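Report on the following structure.
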Amino acid sequence: MAKYQPYSRGELRRLRVAWLSRNRLLVMGLAVGAGCVVALEALSFVLVVPGTPLKWWLLGAAQASTVAALLHLVDTGFLVHERDALRQVRGAWGEENTRSELQRAKRKRLIWGWVDSIRLAAGDLDHVAVTRHGGLVVIDSKWRSQATDVVEMSKSAARVKTRAEGVARSILTSERAARHRAKINPVTVTPVVVLWGALQHDVPDGACIDGIAFVGGRNFVAWLRSLDGDRVDKAAAADIIRKLEGFRADVRQSIATR
């Protein structure tokens, strides 16, 4: 499986690079100031602190603390002043937590595998999992610390539904055609929104908006276990995962060459 890189992490990196570029004079000034502090610390330790076995260890600890404080200050400034940064951080947390649950589900033999971070014209797919007894599951991860209104939830449901339809239309066309020729039912695609953060504890069992399931993150594995739909054998699962990974690679290559 390809190395995992959440879409939100990529966006966060892009925002950070842009912010550092816009504020490079400020960052350079802070770096020069930190360098002066490090130099003063070294001079003070050499001239004042007696020659004990801990002397150089303490100097290293003081200088490392200065550098860490500089990095923390710069990162805090970025998060405070870049409007979209915190949203991307929460998005990455949600995707990474869901991926951990998918790893659990695979160990429990509920899914064959999954593919992360697939771009579509209608947006990105956080994860697409190939289950053993429930077809494909298209997963959208959300990090929420407080209850949101029905309108926002409906928009999330509409987006994940559109993206799931994009998977069925753009990625699995050949798979469906092959199954139709073999007189086997096509693999169904089920969208789900997995909620993380404080809000996950308030999601009732069976929560559904506009036909889309909403599941608390810690209940996601149990939800996967409850699926009772299309059975997917090992060979078909491997073929679908290969197609998904190929589609993802093609999209990334297309973006890189623009």
Side-chain angles (χ1 to χ4, degrees), residues 1-107 114-117 119 124 126-127 141-146 194-201 216-218 220-221 248-249 252-253 255-256:
M1 190 176 295
K3 184 179 179 180
Y4 175 55
Q5 175 60 62
Y7 174 79
S8 297
R9 287 290 179 198
E11 286 297 293
L12 187 64
R13 184 180 299 107
R14 182 186 62 80
L15 290 172
R16 181 177 283 110
V17 169
W19 185 85
L20 289 172
S21 178
R22 292 195 304 270
N23 297 276
R24 56 184 176 275
L25 293 179
L26 173 62
V27 174
M28 289 173 62
L30 291 173
V32 169
C36 292
V37 172
V38 167
L40 287 173
E41 288 172 344
L43 183 62
S44 299
F45 269 79
V46 169
L47 297 179
V48 177
V49 178
T52 66
L54 291 177
K55 176 177 181 177
W56 302 113
W57 183 90
L58 291 173
L59 174 59
Q63 292 178 334
S65 298
T66 301
V67 174
L70 169 65
L71 295 176
H72 178 70
L73 179 62
V74 171
D75 195 54
T76 301
F78 162 67
L79 293 175
V80 169
H81 293 98
E82 186 62 48
R83 182 175 58 183
D84 201 37
L86 286 177
R87 184 176 70 84
Q88 298 297 343
V89 168
R90 291 194 296 266
W93 288 347
E95 290 183 49
E96 289 160 353
N97 284 355
T98 298
R99 190 170 192 269
S100 295
E101 294 303 295
L102 288 170
Q103 291 171 336
R104 285 185 57 215
K106 186 173 182 180
R107 289 195 297 270
W114 72 94
V115 178
D116 305 302
S117 301
R119 292 281 192 95
D124 70 294
D126 293 345
H127 315 276
S141 300
K142 300 290 183 186
W143 185 284
R144 295 288 184 270
S145 57
Q146 59 185 1
V194 180
L195 294 170
W196 294 97
L199 185 60
Q200 68 172 305
H201 304 295
R218 295 305 178 191
F220 182 47
V221 171
R248 180 180 63 181
R252 288 181 176 175
Q253 181 65 28
I255 293 173

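It should be emphasised that the depicted structure is a prediction, and the values quoted were computed from it without experimental measurement.
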Would you call Lys142 and Arg90 a side-chain contact if the rule is heavy atoms closer than 4.5 Å? no
May I ask you to test the Arg248-Asp116 pair for a side-chain heavy-atom distance under 4.5 Å? yes
Under a 3.5 Å threshold, yes or no: a donor from one side chain and an acceptor from the other, between Trp196 and Thr98? yes
Nearest heavy-atom pair of Leu59 and Phe45: which atoms, and what distance? N-CE2, 3.6 Å
Taking the side chain as everything from C-beta on, heavy atoms only, tell me whether Gln103 gets closer than 4.5 Å to Trp114. yes
Between the OG1 atom in Thr66 and the CD atom in Gln63, the distance rounded to the nearest 0.5 Å is 7.5 Å
Do Asn23 and Phe78 touch side chain to side chain, with heavy atoms closer than 4.5 Å? no
Main-chain N/O of Gly77 paired with His81 side-chain donor or acceptor, under 3.5 Å: yes
Can you name the closest pair of heavy atoms from Ala31 and Leu70 and give their distance? CA-CD2, 4.0 Å
Listed once per pair and sorted, the salt bridge (charged side-chain N to carboxylate O under 4.0 Å, His left out) pairs that draw on residues 16-44, sequence neighbours left out: Arg16-Asp75, Arg22-Glu82
Just how far is it from atom CG of Leu25 to atom CG of Leu30, taken to the nearest 0.5 Å? 11.0 Å
Is it true that Arg9 and Glu95 make a salt bridge, defined as a side-chain N closer than 4.0 Å to a carboxylate O? no
Flag the pair Arg14 and Glu11 as a salt bridge only when some basic side-chain nitrogen lies within less than 4.0 angstrom of an acidic carboxylate oxygen. yes
Would you check if the side chain of Ser65 reaches a backbone N or O of Ala61 as a donor-acceptor pair within less than 3.5 Å? yes
A side-chain contact here means heavy atoms from C-beta on lying under 4.5 Å apart; do Trp19 and Leu79 qualify? no
CA sep, side-chain torsions, deciding dist, call: His127, Ser141, side-chain contact (heavy atoms from CB on, under 4.5 Å): CA-CA 9 Å; His127 315 276; Ser141 300; 4.1 Å; yes
As an exercise, state the distance from CH2 of Trp143 to CD of Glu96, rounded to the nearest 0.5 Å. 10.0 Å
